[in-house]
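Remember, it's a predicted structure, so these values are computed and weren't measured experimentally. First listed ligand is number 1; within each ligand, the first listed atom is number 1. Heavy atoms only: backbone and side chains are in, while hydrogens, waters and symmetry mates are out.
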Amino acid sequence: MTASPPADGAPRTVRALPAAFSFEPWTTALVMIDMQRDFIEPGGFGESLGNDVGHLAQVVEPAKALVAWARMRGLLIVHTRECHRPDLSDCPPAKRLRGAPSTRIGDPGPMGRILIDGEAGADFVPGLEPLPGEVEIVKPGKGAFYNTSLTHVLVSRGITHLIFGGVTTEVCVQTTMREANDRGYECLLVEEATGSYFPEFRDATLAMVRAQGGIVGWTASLSDLVRV
Ligand code: TIU
């Protein structure tokens, strides 16, 4: 049976940079990147790397508003989580041994083993869990296309446009957006719904994405998007 488009699935155009972004809801997916306790709450992977996780708290409410809008519009919603198998077989030593973190991937922490699937820290922050029918992608890398079924999910549903939110802007969000751009997707990053431990990196990433005529894609404000 072919799913019929939502009754309000007419093409939409949102004010964006470097130019207006047009999309059709039934060929567009929201990709919400790594809204996990390990990155956003104290005691997780992000803090173990020496970051001030307080910078990410402000992303949670806009991210919820973005997901709520996407549900109302009938978009496919993809939620990603960065984490590893308990035996670490999908975690390259180059990732686990990099730098001098206070605890490493797989070590015990207050939210369970750091960045391990099934542990509390690897779960979504409250209020950003997928609903039945939405897609969850567990990814071992920064990009959501690497070693996952994301391409299959998007191709099988005829998706051509991707709207992004999540954390962190210059690491997993930007990597995934660049992977998607190279695969031919039209990509929009929602400004308030993404954040970094380094606010200047967030701002620089937004500028990089939309520079050169949209070399990676578009950026738009949440307030403009939820109006269309
Ligand atoms: N460290 C950092 O900024 N980010 C990550 O390690 N992963 C994601 O961005 N999800």
Taking distance alone, no hydrogens or angles, what donor-acceptor pairs closer than 3.5 Å link side-chain atoms of residues 221-228 to residues at least two apart or in another chain?
from	atom 1	to	atom 2	distance (Å)
S221	OG	S223	OG	3.2
S221	OG	D224	N	3.2
S221	OG	D224	OD2	3.2
D224	OD1	R15	NH2	3.3
D224	OD1	R227	NH2	2.5
D224	OD2	R15	NE	3.2
D224	OD2	R15	NH2	3.3

Quiz item: Who are the residue neighbours of ligand 1 when the rule is a heavy atom under 4.0 Å from any of its atoms?
Solution: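 The 4.0 Å shell around ligand 1 contains D34, F39, F45, L49, E82, K142, V167, T168, V171, C172, Y197.
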Practice problem: Identify the residue among E170, Q174, R202 that makes a side-chain hydrogen bond (donor to acceptor under 3.5 Å, both in side chains) with S196. | Solution: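 The passing option is E170.
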Self-check item: Result of checking T205, T169, T219 against T194 for side-chain hydrogen bond (donor to acceptor under 3.5 Å, both in side chains)
Solution: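 So the option named by the test is T169.
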Quiz item: By the rule that ILVMFWY residues connect when side-chain heavy atoms come within less than 4.5 angstrom, directly or transitively, which residues belong alongside L206?
Solution: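 Reading the cluster by chain and number, L206 sits alongside V31, I33, L76, V78, V135, I137, F145, L150, V153, L154, V155, I159, L162, F164, V173, M177, Y185, L189, V209, I215, V216.
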Exercise. Could you tell me whether a side-chain N or O of K139 sits under 3.5 Å from a main-chain N or O of K142, the two making a donor and an acceptor?
Key: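 Present.
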Exercise. Kindly state each residue pair satisfying ring-ring contact (aromatic ring centres under 6.0 Å, His included) with at least one member in residues 104-144, sequence neighbours excluded.
Key: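 Checked against ring-ring contact (aromatic ring centres under 6.0 Å, His included) - neighbours excluded - the pairs reaching residues 104-144 are H79-F124.
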